[in-house]
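Each chain gets a letter, A, B and so on, in the order its sequence line appears, and its residues count up from 1. Note that the structure is a prediction, hence the values are computed from the model and not measured.
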There are 2 protein chains.
Amino acid sequence: MNRDESTKNRVLLAAGPIFARKGFAQATVREICDAANVNLASINYYFGDKQRLYIETVILAREQRAEQFPFPSWSDETLPEVKLKEFVGLMLRRVVVMQTVPWQVGLLMREILKPTEACQQLVEEYFRPIFERLLRIVDELVDRPLTTLQRTQIGFSIIGQCLHYRFSAGVISMMVEEKRRQEYFDLENLTNHITEFSIAAIRNLHDIEAAQAETTAVSARETDK
Amino acid sequence: MNRDESTKNRVLLAAGPIFARKGFAQATVREICDAANVNLASINYYFGDKQRLYIETVILAREQRAEQFPFPSWSDETLPEVKLKEFVGLMLRRVVVMQTVPWQVGLLMREILKPTEACQQLVEEYFRPIFERLLRIVDELVDRPLTTLQRTQIGFSIIGQCLHYRFSAGVISMMVEEKRRQEYFDLENLTNHITEFSIAAIRNLHDIEAAQAETTAVSARETDK
DNA sequence: CTCTCGATTAAACAGTTGTTTAATACGACT
DNA sequence: AGTCGTATTAAACAACTGTTTAATCGAGAG
């Protein structure tokens, strides 16, 4: 029998999307076996129990995590503004559009929200390189050296704007009028806004810091009285 | 009998932390009743079913959270910059707490990540008023009228920066060096950065939009060749 | 006292869960 | 043919779920 269509493999492939969608506890072995068109006992026969099936599924997800949206290779002359825009567009494409998110990413995201020890490796191999790449773009956008804290915070501000459209997608949908919902999740609109917002912030940050110190003083005076 | 110690109230208070920790499906009525030291049938007697107990718990969480960190009342002369800073600080205080997450916050975050029936009411009575308040501050910060889409996107950019430190707290902790972790979650540092970043962005957004149009053209030309 | 009625209780219920069992089917080998 | 070992099956299992039931309690009213 072809290995790809073996009972064990069918279970593994069917389990992935279901675990990704519903989580470990909410996914049922009956649902998985139905989807895989195998007998109910197959999971225990091949994997021992549900838990070990889940672990094998996570491992498979890691292995199969194909670089579906690879980073473009930029020439030396590419403007940092262009780089940032493409970076933001890439982030949004990877995480925002729920429908097209492959189940492998969904499963890993699930692990990330509730970090375990296995998550550490994921951070090092997946998130940190992405983040470092972003920070290098930020460096190009400013004309002065930044402290480690500053550039990290700027990075989180940009990432935060992107991820918000995934984590809070449900609430955002409820908050905007249904008629224009598509507009708010439109990839190009989002990319343009987040890019422009962030560039505007980075460019203007230097001037603001000084002014803000004054504002803080005003705020303090108001609190006093 | 004291109202606070009534059976119904004991159930409500016991349910909050359990729902927050385990989610709706994973929390069991027996566990809640045990914690509240009441009979198993009490939930159905007082609340009808588990679901309605959950909804009442979410409502309670929202009320208690808003009570603990109320909005300041601003005078007419208060600078919008000050307002934004206090808004951001309030958001962060309500949402971002490093070590121990109060169960009220945990429950609200659960609703954002995976909205249930309780969420619609939560949006209308809690999130939307907060968001509208933010948008009015944004209006004061710009000197020109914004489209609905623009001001909403700006609002999401600010909220997204704040919430990122809750949803991605685990990953952020893993990404920054442990020695300086406290620094990255320091309330004042965060408040200052997000406020300054957002003000800088809003102030500069107008100029950037024009420049970005040119950049887009450059990007297109680069893609062509 | 008795009566009443909401509050509380233990028990039972019906449904679902993951897992196990025992029987059977199937193919490879002698 | 018969034998062996693996794969697959339907059924049963025990534990747990939310909910319902019917009995009991307990305090206030007549």
Side-chain angles (χ1 to χ4, degrees), chain A residues 1-61 103 107 110-111 114 116, chain B residues 1-61 103 106-107 110-111 114-119 121:
Chain A
M1 181 181 289
N2 190 343
R3 190 187 176 282
D4 287 347
E5 288 175 3
S6 72
T7 301
K8 181 171 180 177
N9 225 263
R10 289 220 309 283
V11 172
L12 210 49
L13 294 182
I18 295 174
F19 277 135
R21 194 168 60 250
K22 315 181 75 170
F24 173 75
Q26 287 305 307
T28 73
V29 292
R30 280 172 176 80
E31 184 183 7
I32 293 171
C33 289
D34 276 1
N37 258 312
V38 302
N39 184 268
L40 174 61
S42 300
I43 288 181
N44 302 88
Y45 182 79
Y46 283 106
F47 299 93
D49 56 18
K50 183 188 177 186
Q51 169 97 19
R52 261 172 292 180
L53 166 62
Y54 178 75
I55 293 175
E56 293 230 21
T57 310
V58 174
I59 293 173
L60 180 68
W103 65 265
L107 200 58
R110 203 170 263 285
E111 288 290 305
K114 205 174 65 179
T116 65
Chain B
M1 182 182 287
N2 191 341
R3 189 187 177 282
D4 287 347
E5 288 175 3
S6 71
T7 301
K8 181 171 180 177
N9 225 264
R10 288 219 310 282
V11 172
L12 207 51
L13 294 182
I18 295 175
F19 277 135
R21 193 168 61 250
K22 316 181 76 172
F24 174 76
Q26 286 304 303
T28 74
V29 293
R30 281 172 176 80
E31 185 183 6
I32 293 170
C33 289
D34 275 1
N37 259 311
V38 301
N39 185 267
L40 174 61
S42 300
I43 288 180
N44 301 87
Y45 183 79
Y46 282 105
F47 298 93
D49 57 18
K50 183 188 177 187
Q51 168 107 356
R52 261 171 293 180
L53 165 63
Y54 177 76
I55 293 177
E56 294 230 22
T57 311
V58 172
I59 293 173
L60 181 67
W103 67 265
L107 209 50
R110 264 182 195 284
E111 280 297 315
K114 199 179 143 203
T116 70
E117 280 183 33
C119 197
Q121 191 185 357

Who are the side chain to side chain contact (heavy atoms under 4.5 Å, CB included) partners of B:L40, not counting sequence neighbours? B:V29, B:R30

Rounded to whole Å, please give me the gap between [atom1] in [X] and [atom2] in [N].
| X | N | atom1 | atom2 | result |
| --- | --- | --- | --- | --- |
| A:R10 | D:dA7 | CZ | C1' | 12 Å |
| B:I32 | D:dT17 | CD1 | C1' | 13 Å |
| A:D34 | D:dA10 | CG | C1' | 14 Å |

Donor-acceptor contacts under 3.5 Å from residues 13-28 of chain B side chains, at least two apart:
unit_1	atom_1	unit_2	atom_2	d
B:K22	NZ	B:E31	OE1	3.2
B:K22	NZ	B:E31	OE2	3.4
B:T28	OG1	B:E31	N	3.0

Side-chain N,O (A:T7) to OP1/OP2 (D:dT8) below 4.0 Å: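 For D:dT8, OP1 or OP2 has a side-chain N or O of A:T7 closer than 4.0 Å.
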
Test side chain to side chain donor-acceptor pair (under 3.5 Å) applied to B:S42 - qualifying residues, sequence neighbours left out: none

Could I get the full list of side chain to side chain donor-acceptor pair (under 3.5 Å) partners for A:Y54, not counting sequence neighbours? A:E111

With B:R52 via salt bridge (Lys or Arg N to Asp or Glu O under 4.0 Å) - residues at least two apart: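 With sequence neighbours excluded, B:R52 shows a salt bridge (Lys or Arg N to Asp or Glu O under 4.0 Å) to B:D49, given in chain and number order.
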
Does B:F47 reach a base, just sugar-phosphate, or nothing at all? Heavy atoms under 4.0 Å.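 Nothing, no nucleic acid heavy atom in range.
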
Do B:L53 and B:I32 have side-chain heavy atoms sitting under 4.5 Å apart? yes

Is there side-chain contact between A:L12 and A:F47, with heavy atoms separated by less than 4.5 Å?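 Yes, at least one pair of side-chain atoms sits under 4.5 Å.
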
Can you pull the salt bridge (charged side-chain N to carboxylate O under 4.0 Å, His left out) pairs that have at least one residue in residues 34-44 of chain B, sequence neighbours excluded?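 For residues 34-44 of chain B, and leaving out neighbouring residues, there are no salt bridge (charged side-chain N to carboxylate O under 4.0 Å, His left out) pairs at all.
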
Summary of salt bridge (charged side-chain N to carboxylate O under 4.0 Å, His left out) pairs that have at least one residue in residues 36-46 of chain A, sequence neighbours excluded: none

Can you name the nearest heavy-atom pair linking B:I59 to B:Q121, along with the distance? CD1-OE1, 3.7 Å

Residues from residues 52-60 of chain B lying under 4.0 Å of DNA chain C - heavy atoms: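 Under 4.0 Å from DNA chain C: no residue of residues 52-60 of chain B.
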
End-to-end bend of the helix from C:dC1-D:dG30 to C:dT30-D:dA1 (five-pair axes, 10° rounding)?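 The two end axes of the helix from C:dC1-D:dG30 to C:dT30-D:dA1 meet at 30°.
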
Please write out each protein N/O paired with an N/O of nucleotides 16-23 of chain C under 3.5 Å, distance rounded to 0.1 Å.
unit_1	atom_1	unit_2	atom_2	d
C:dG18	OP1	A:A27	O	3.3
C:dG18	OP1	A:V29	N	3.4
C:dG18	OP1	A:K50	NZ	2.9
C:dG18	OP2	A:V29	N	3.0
C:dG18	N7	A:R30	NH1	2.9
C:dG18	O6	A:R30	NH2	3.0
C:dT19	OP2	A:N44	ND2	3.4
C:dT19	OP2	A:K50	N	2.9
C:dT19	O5'	A:N44	ND2	3.3

Would you say CD of B:E117 has more than 12 non-hydrogen atoms from neighbouring residues, nucleotides or ligands within 6.0 angstrom? no

